[in-house]
Amino acid sequence: MKAEHPRFPAGADSLIKKHLTPKVYAALSGKKTAAGFTLDAAIRSGLENPDSSIGIYIGDKDAYPLFEKVLAPIIREYHKLEADPFHTRVHRDDFSPVSLPAPDPEGSFILSTRIRVARNLNSLPFCPHMTAQERVVLEKKTRDALLQLPKDLAGRYISFTDLGPENYDALVAQKLAFAKGDRFQEAAGLNRDFPTARGVFLSRDKGFRVWVNEEDHLRIMALSTNADLSAVFNRLAKGLAHLSACLKFAFDPGLGFLSSCPTNIGTAMRAGVHIRLPKLDRQRDRLKEIVARHHLQIRGTGGEKTAVDEAVFDISNALRLGVSANQTVRDLHAGLLEIITLEKNL
Ligand code: ARG
């Protein structure tokens, strides 16, 4: 029996709605990866959440080539690519250290800096398609690798499995643990068996952290409460180099590091700051113009899909494929300099 092309609600404006034509759906809907992941599972979040901007999540590395017909146009549009990432080596890898002057030396605007990368193991399905047992296997492998981190990054791993709701809530309130996924992630299967085998690694000074079993197997991040982008990037690069030597990550020469969301492939990096801009807050069009020109994005104070409170913007790179990690940080730096100069002069 032929499956019927899904009907996206009239108001929906997602990339999956745009690119999943009846013809493409008919070509792909009967396919399944070796791990059993299907197109219907991939698009569930976009169907249940008409306000999705992308609307597709990927359940294992083999789903990328299998669903190329629908993924290629989505990836090209999101990452603003000219070349076809499935058949051209588009990914550029460069985690060499940067040394940029601090963009806000007096700390008048930037409240914090955070850079993260997503990584997924080659050997397991991705988070939307994992069983509880597979999540436990991932947690064990990761914990072993984290135990061997160099001294300055060493710390402790806290598993949510046995934490108990009170201790877990306290960690979330301190922003040390990640919360259960939102409705987009829920529909993608990311909350299955929560909180089993989820957890966070915190270095002693908390400036290097790893989230385990959130939207991706690993979210590896460095952060600080100042504007020293270079120090944050270099610390991340060091921790990442160690983990990459211990674990085998899913990677494709065209698509870069694979991730459960096609927005997060490539460098899989999001480098951003929280920045207070009271004047530009009242002239948001001017801020938006600079942000667009530098290929940056604005998120709300509380993260993705939240509002901007008290003029505190989360500004970060939007593109992750076709631009190296090193270049991404330089571009963010250039954009921030322009934003801060304008804010000062208004
Ligand atoms: N699935 C959501 C949407 O399509 C989020 C996409 C990007 N964010 C993410 N965390 N993967 O709007």
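In listed order, ligands and their atoms are each counted from 1.
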Purely on distance, is any nitrogen or oxygen of Phe184 under 3.5 Å from one on ligand 1?
no
Look at ligand 1 and say whether Ser45 reaches it with a heavy atom at a distance under 4.0 Å.
no
Among the clusters formed by ILVMFWY side chains lying less than 4.5 Å apart, do Tyr64 and Ile43 turn up in the same one?
yes
Please say yes or no: joined through hydrophobic side-chain contacts below 4.5 Å, possibly via intermediate residues, are Leu236 and Trp211 part of one cluster?
no
In this structure, is the centre-to-centre distance between the rings of Phe233 and Phe95 below 6.0 Å?
yes
Main-chain N/O of Leu20 paired with His5 side-chain donor or acceptor, under 3.5 Å:
yes
When only distance counts, is Cys261 in polar contact with ligand 1, meaning an N/O pair under 3.5 Å?
no
Rounded at 0.5 Å granularity, tell me how far CD1 in Ile298 sits from CD1 in Ile290.
9.5 Å
Under 4.0 Å from any heavy atom of Lys305, which atoms of ligand 1 are there?
3 (C), 12 (O)
Is any N or O atom of Ser53, backbone or side chain, closer than 3.5 Å to an N or O atom of ligand 1?
yes
Does Phe257 have its ring centroid less than 6.0 Å away from the ring centroid of Phe251?
yes
N/O separation below 3.5 Å, Gln185 to ligand 1
no
Contacting atoms of ligand 1, where contact means under 4.0 angstrom from a heavy atom of Gly55:
4 (O)
Looking at atom 1 (N) of ligand 1, what's its closest protein heavy atom, distance included?
Tyr57 OH, 2.8 Å
Using distance alone, decide if ligand 1 has a nitrogen or oxygen within less than 3.5 Å of any nitrogen or oxygen in Glu304.
yes
What I want to know is whether Asp51 and ligand 1 share at least one N or O pair that is separated by under 3.5 angstrom.
no
Asn234 side chain to Val98 backbone, donor-acceptor under 3.5 Å
yes
Side chain Thr301, main chain Val312, donor-acceptor under 3.5 Å
yes
Quick one: nearest non-hydrogen protein atom to atom 11 (N) of ligand 1, plus distance?
Glu215 OE2, 2.7 Å
Against heavy atoms of Ile54, which atoms of ligand 1 measure under 4.0 Å?
3 (C), 4 (O), 6 (C), 12 (O)
